[in-house]
Amino acid sequence: MNLFNSALGKNITFVRPVYFIISGFSGIPNFKYYYVFLCFVYIVSVLGNTVVMAVIYLDRNLRTPKYIAVFNLAFVDLLGSSALVPKLLDIFLFNHRYISYNDCLTFLFFCFTCLSMQPFNLAALSYDRLIAIMYPLHYHMKVTHRFMLCLIASFWVFVITVHLVAVGLLTRLSFCRSVVINSYFCDHGPIYRLACNDYTPNYVLAESLVNLFFRFPLAFIVLSYVCIGYALFKVATVHERYKAFKTCTAHLSLVGIYFIPLVITFIAGSGMHPNGRIINLSLASIFPPMLNPIIYVLQTQEIKASVKKILNVRKESKMKLKKVIIK
């Protein structure tokens, strides 16, 4: 085994555990019903996001820069839910709380990658609304297919790179104290705090991640809507303000659903009970993927029109098929 100098200034034996144990809720009776509820949420999420992706793919009118970002949001929601929820059900419903070291780090990587892409997607959509309202005549020149594809691709590269670094830093830690992770999944913070050698780089990266994937995107979105509100108040009539602002309602709903639980968690900080933190963060991870497609289908006229058109085409094709069979 390798020896190295610990934060306490003494040599210790490097320990890489065979497995971790996910603690989950503590002291809550019948907690399994909560995970059954999450299973229902996951099913709705998979169906909803699949429908949104299919509609955008099938309707050529929706192949615009805005809907490239919406498609990516649905894809991230589908991938993130599939990475998180089935594993949660396996851990807590079937009592498989032991997870191998490598599987835990892989679980962490995929969950955090997908969770981190959500605020970037919301920031991309806020930029789209900002340009569409403030520079409507130049919108198609400023927000092109190529621009949006490059923006989304750069987000993916950045997020994947950052979380590969985070996982790499975890592999340098020695876990000689405990292997019990006080969370509902392989959470970055609870893992590195279990280490018995110096985890300062992990702490610095964790604080940086909060800024990169929470504060900066939220600040950009808020600033975008301040600019949008100022522009609408300055130049538009009441009817035009309402019409322009209506195009933002779906996006604002998504922003609220994603950020409000996280804001509550960060404000409460260490004062929040571990069970409350688990409920808050799990809902923040799983509820937006379920609600996002519902909100976009109900509040976006283009998608509603596209769904109706696709359903009408299917009805007409069935009617023609029946006529052919009767003849």
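We count residues from 1, following the sequence as given. All values derive from a computational prediction rather than experimental measurement. Computation of the quantities below employed the complete heavy-atom set of this structure, encompassing side-chain atoms and omitting hydrogens, waters and symmetry-equivalent molecules.
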Exercise. Sequence neighbours excluded, which residues qualify as ring pair (Phe, Tyr, Trp, His ring centres under 6.0 Å) partners of Tyr98?
Worked result: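 With neighbours one apart ignored, the set is Tyr19.
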
For this session: Run through Asp59, Val52, Ile56, Val55 and flag the one making a side-chain contact (heavy atoms from CB on, under 4.5 Å) with Tyr67.
Result: Ile56

Heavy-atom pair with the smallest gap, counting every atom of [X] and [Y]:
X      : Y      : answer
Leu122 : His251 : O-NE2, 2.7 Å
Phe259 : Pro119 : CZ-CB, 3.9 Å
Thr144 : His140 : CG2-O, 3.4 Å
Cys104 : Ile191 : SG-CD1, 3.9 Å

For this session: Spell out, yes or no, whether Leu73 and Leu149 are grouped together once hydrophobic residues are joined by side-chain heavy atoms under 4.5 Å, including indirect joins.
Result: yes

For this session: Indicate, with yes or no, if Leu115 and Met117 share a hydrophobic cluster defined by side-chain heavy-atom contacts under 4.5 Å among Ile, Leu, Val, Met, Phe, Trp and Tyr.
Result: no

For this session: Please confirm whether Tyr184 and Tyr35 have ring centers closer than 6.0 angstrom.
Result: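 Judged by ring-centre distance (under 6.0 Å), Tyr184 and Tyr35 do not meet the cut-off.
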
Exercise. Taking the six-membered ring for Trp, is the centroid-to-centroid distance between Phe175 and Phe20 below 6.0 Å?
Worked result: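 Aromatic pair counts; centres sit under 6.0 Å.
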
Exercise. Going by atom types only, do Thr106 and Asn102 share a side-chain donor-acceptor pair under 3.5 Å?
Worked result: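 No, because no side-chain N or O of Thr106 sits under 3.5 Å from a partner of the opposite role on Asn102.
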
For this session: Give a yes-or-no answer on whether the side chains of Thr200 and Asp198 include a donor-acceptor pair shorter than 3.5 Å.
Result: yes

Short side-chain to backbone donor-acceptor contact, [X] and [Y], under 3.5 Å:
X      : Y      : value
Ser23  : Val180 : no
Thr249 : Lys246 : yes
Arg63  : Tyr57  : yes
Thr161 : Val157 : yes
His145 : Ile68  : no

Exercise. Angle class for the Phe155/Phe120 ring planes (parallel below 30°, perpendicular above 60°, tilted otherwise)?
Worked result: parallel

Exercise. Looking at CG of Asn211 and CG of Leu209, how far apart are the two atoms once the value is rounded to the nearest 0.5 Å?
Worked result: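 Interatomic distance, Asn211 CG to Leu209 CG, rounded to 0.5 Å: 9.0 Å.
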
Exercise. What pairs meet the side-chain hydrogen bond (donor to acceptor under 3.5 Å, both in side chains) rule with one or both residues in residues 115-126, with sequence neighbours excluded?
Worked result: Asn72-Asn121, Asp77-Gln118, Ser116-His163

Exercise. For Val143 and Tyr127, what are the C-alpha separation, side-chain angles and deciding distance, and is it a side chain to side chain contact (heavy atoms under 4.5 Å, CB included)?
Worked result: CA-CA 9 Å; Val143 185; Tyr127 177 79; 4.1 Å; yes

Exercise. Should the SG-SG distance of Cys111 and Cys186 be recorded as below 2.5 Å?
Worked result: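 Answer is no: Cys186 does not pair with Cys111 in a disulfide.
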
